[in-house]
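Okay, so here's the structure we're looking at.
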Amino acid sequence: MPGTVVIGSQFGDEGKGKVTDFYAENANLVVRFQGGNNAGHTVVVDGEVLKFHLLPSGVAQEKRILIGAGVVLDPRVLKKELEELRAKGKKFELGIDPRTHIIMPWHNLLDEGREESRGKTKIGTTKRGIGPCYADKAERLGIRFEDLVDKNRLAERIGAIFPVKLAILEKVYGLKVPFDEDSVLKEYSKLGAEFAQMLCDVSLEVCTTIDKKEILFEGAQGTFLDNDFGTYPFVTSSHPISGGVSIGIGMPLNKIQRIIGIVKAYTTRVGFGPFPTEQENEIGKHLVEKGNEFGTTTGRKRRVGWLDLPMMKTSMRLNGFTELAITKLDVLSGLEKVKVCTGYDVGSKKIDLFPYSNKGLENAKPIYREFNGFKVTGKEKKYSDLDKNARAYLEFIEKEIAAPIKLVSIGPGREETILK
Ligand code: GDP
Ligand code: IMO
Ligand code: MG
């Protein structure tokens, strides 16, 4: 059976949670493979709003859920999310890979300290300790889930790491550190004991069942936040592009057959960094208000703008989407004209792909194609029910990106979804 991966094609918040939940109905397993609780994925079922930061959104469909080795896991956040779900009466089974790195309290402080010290070159991180945790993983100064669940190993790792972190926090960032080695060991070994039965070799489970089961892999963040291929340094520290699923799980590339690109019908971005089609005007106001564009994780107002085809064509090249899911089409409803960027004027040149460097975007002036506005009520059931101007917009996007649209989302609810 094919493995399916859901990928954010833009800067995150495209509606991956909603689409994952929709397709999870037919899946046996739903798996996260990168990122951490910097993610905020929203699922709306019968009017009930569920927000997930760490757990795969398939939990809303009460599927078996897994967290792969490529994720960074904050056990305090895990505890809270599990408690919230239990309080809602949800049934779930969760497996966590022993290789998954743990976000420790010093990672959150380091994230904050670093952001403050960046001054004008701030990234606008979620301050969830994501970057420092991935950095420690590469530096081999990390604590993994296998250590968290074993008190002796945890004591050994904390003993080796804590003094280094304390010195940096106090001496480099001048921060007051509200914990010590003993308090961290006490709290985290307790959390480890709570989660011990969830230890599961996710690589093994996925690889030995993917030929028999339907597995859905849920990406977090978006393509242009990829640590290598995004708008560096205004990126996250993991690999949200489709290739990330192989190293994030420990699974051969040929196990994935379906790559779904989630495309918001316009563009949003949280945090700093280039955004050529940004609209800081009445159009922007419409998109923020109608789209309720406030971050799921930090509550920050999202920056908004028109859909950017140079971005999308580059996203297609980086991810190899086999199909697209267009979300939030309803948010464009009511605008007199809808624009889409088809290329940029950069000095004397015209370009139609997103440049590899932010420098290439300096003075880039978007070239727009204009479409007649349309109405979307949210009650449309079939593709043919959609306003013909809306279909013209979608079909232009499909042709330009060169991947078929298979799903159109016209509202946050599970039922506000059209299959094409
Ligand atoms: P994710 O991070 O990619 O999962 O996206 P978020 O959940 O952070 O942000 C998407 C927001 O848009 C959430 O509040 C969703 O409930 C909402 N949403 C998803 N699809 C649609 C849609 O088609 N129309 C509208 N109006 N809202 C949507
Ligand atoms: P989902 O999965 C949107 C952004 C942050 C910041 C940059 C780096 O909900 O789409 P980090 O905390 O990761 O070091 O921050 O990345 N960012 C997101 N933006 N959606 C997300 O996740 C994001 N996760 C991180 O705002 O600009
Ligand atoms: Mg989000």
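Order of listing sets the numbers, starting from 1, for every ligand and every atom in it. Numbering starts at 1 and runs along the sequence shown.
- Using cut-offs of 30° and 60° for the angle between ring planes, the Y393 and F374 rings count as tilted.
- A donor-acceptor contact closer than 3.5 angstrom is absent between the side chains of T267 and D308.
- For the pair R64 and F92, the cation does not sit on the ring face, since its NZ or CZ is not both under 6.0 Å from the ring centre and inside 45° of the axis.
- Nearest protein heavy-atom neighbour of atom 23 (O) of ligand 1: S409 OG, 2.5 Å.
- In terms of modelled atom types and a separation under 3.5 Å, the side chain of T314 and the main chain of P310 share a donor-acceptor contact.
- Residue contact check: H41 has heavy atoms under 4.0 Å from atoms 1 (P), 2 (O), 4 (O), 7 (O) of ligand 1.
- Of the protein's non-hydrogen atoms, the one nearest atom 12 (O) of ligand 2 is T126 OG1, 2.5 Å.
- Looking only at heavy atoms of the protein, atom 8 (C) of ligand 2 is closest to V235 O, 3.4 Å.
- Remark: minimum distance from atom 27 (N) of ligand 1 to any protein heavy atom is reached at K328 CE, 3.4 Å.
- Of the possible donor and acceptor atoms, none in the side chain of D21 sits under 3.5 Å from a partner among the backbone N and O of G58.
- Looking at heavy atoms from C-beta onward, K63 lies out of side-chain contact with E93 at the 4.5 angstrom threshold.
- What sits closest to atom 10 (C) of ligand 1 on the protein, heavy atoms only, is D13 O, 3.9 Å.
- By the criterion of a heavy-atom distance under 4.0 Å, the side chain of H41, and not its backbone, is placed next to ligand 2.
- For atom 13 (O) of ligand 2, the closest non-hydrogen atom of the protein is T236 OG1, 2.6 Å.
- Looking at K51, E293, K16 and measuring to atom 1 (P) of ligand 1, the nearest heavy atom belongs to K16.
- Side chain to side chain, K16 and T327 fail the donor-acceptor criterion of an N or O pair below 3.5 Å.
- Formation of a donor-acceptor pair under 3.5 Å by the K127 side chain with backbone atoms of N108 is not found in this model.
- For the pair K16 and ligand 2, the shortest N or O to N or O distance falls below 3.5 Å.
- At least one heavy atom of G40 lies less than 4.0 angstrom from ligand 2.
- Looking at V71, N38, V72 one by one, the single match for side chain to side chain contact (heavy atoms under 4.5 Å, CB included) with L54 turns out to be V71.
- Ligand 1 has no atom lying under 4.0 Å from any heavy atom of G8.
- When only non-hydrogen protein atoms are considered, atom 4 (O) of ligand 1 lies nearest to G17 N, 2.8 Å.
- Within ligand 2, counting atoms from 1 as listed, the ones closer than 4.0 Å to a heavy atom of A220 are 2 (O).
- K16 lies apart from the Mg ion (ligand 3) in this respect, since none of its N, O or S atoms is found at a distance under 2.8 Å.
- Nearest non-hydrogen protein atom to atom 5 (C) of ligand 2 is G124 O, 3.6 Å.
- Within a 6.0 Å sphere centred on NZ of K88, heavy atoms belonging to other residues, nucleotides or ligands number more than 12.
- Atoms of ligand 1 lying under 4.0 Å from at least one heavy atom of K18, given by number and element, are 20 (N).
- Ranking protein heavy atoms by distance to atom 15 (C) of ligand 1, first place goes to T42 CB, 3.9 Å.
- Using a 4.0 angstrom heavy-atom cutoff, F11 counts as in contact with ligand 2.
- Distance from atom 24 (N) of ligand 1 to its nearest protein heavy atom, with residue and atom name: D330 OD1, 2.8 Å.
- Residue contacts with ligand 1 for I410 involve N, CA, C or O but no side-chain atom from C-beta outward (heavy atoms, distance under 4.0 Å).
- Distance from atom 6 (P) of ligand 1 to its nearest protein heavy atom, with residue and atom name: G40 O, 3.5 Å.
- Of all the listed residues (D111, L225, N38, V270), L225 holds the heavy atom that lies closest to atom 18 (C) of ligand 2.
- Nearest protein neighbour of atom 15 (O) of ligand 2, counting heavy atoms only, is T125 CA, 3.3 Å.
- Below 3.5 Å of separation, one finds an N or O of G15 facing an N or O of ligand 1.
- In terms of polar-atom proximity, K290 is not counted as a contact of ligand 1, lacking any N or O under 3.5 Å from an N or O of the ligand.
- Near A39, meaning under 4.0 Å from any of its heavy atoms, are these atoms of ligand 2: 1 (P), 2 (O), 9 (O), 22 (O).
- Both the sub-6.0 Å distance and the 45° axial angle are not jointly satisfied by K301 relative to the ring of F294.
- Looking at heavy atoms from C-beta onward, V59 lies in side-chain contact with L85 at the 4.5 angstrom threshold.
- Residue K127 places no N or O, backbone or side chain, under 3.5 Å from any N or O of ligand 2.
- For atom 3 (C) of ligand 2, the closest non-hydrogen atom on the protein side is D13 OD2, 3.2 Å.
- With F275 as the aromatic partner, R303 does not meet the cation-pi criteria of under 6.0 angstrom to the ring centre and within 45 degrees of the ring axis.
- E115 places a side-chain N or O within 3.5 Å of a backbone atom of G124 that can act as its donor or acceptor partner.
- Put simply, no part of S237 is less than 4.0 Å from ligand 2, judged by heavy atoms.
- Of the angles at the Mg ion (ligand 3), the one spanning OD1 of D13 and O of G40 is 160° when given to 10°.
- At a 4.0 Å cut-off, at least one heavy atom of R300 sits close enough to ligand 2 to count as contact.
- R128 and T126 are not linked by any side-chain donor-acceptor pair at a separation below 3.5 angstrom, with hydrogens and angles left out of the test.
- Judged by distance alone, the side chain of T100 and the main-chain N or O of G68 form a donor-acceptor pair under 3.5 Å.
- Ligand 2 lies less than 4.0 angstrom from a heavy atom belonging to Q221.
- Between R144 and D97 there is no salt bridge, since no side-chain N of the basic residue sits under 4.0 Å from a carboxylate O of the acidic one.
- Ionic pairing of K51 and E81 is not present here: no N-O contact between side-chain nitrogen and carboxylate oxygen is shorter than 4.0 angstrom.
- Atoms of ligand 1 lying under 4.0 Å from any heavy atom of T296, numbered from 1 in the order shown and given with element: 6 (P), 7 (O), 8 (O).
- A heavy-atom separation below 4.0 Å is found between G411 and ligand 1.
- Of the N and O atoms on the side chains of R157 and Y188, not one donor lies less than 3.5 Å from an acceptor on the other residue.
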Check your understanding: Between S315 and Q10, is a side-chain contact (heavy atoms from CB on, under 4.5 Å) present by the stated rule, with each step listed?
Key -> CA-CA 7 Å; S315 197; Q10 294 151 315; over 6 Å; no
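- Within the 3.5 Å criterion, the main-chain N or O of E14 finds no donor-acceptor partner in the side chain of K328.
- Ligand 1 has at least one atom lying under 4.0 Å from a heavy atom of R302.
- Residue-ligand proximity, G271 to ligand 2, at heavy-atom distances under 4.0 Å covers atoms 27 (O).
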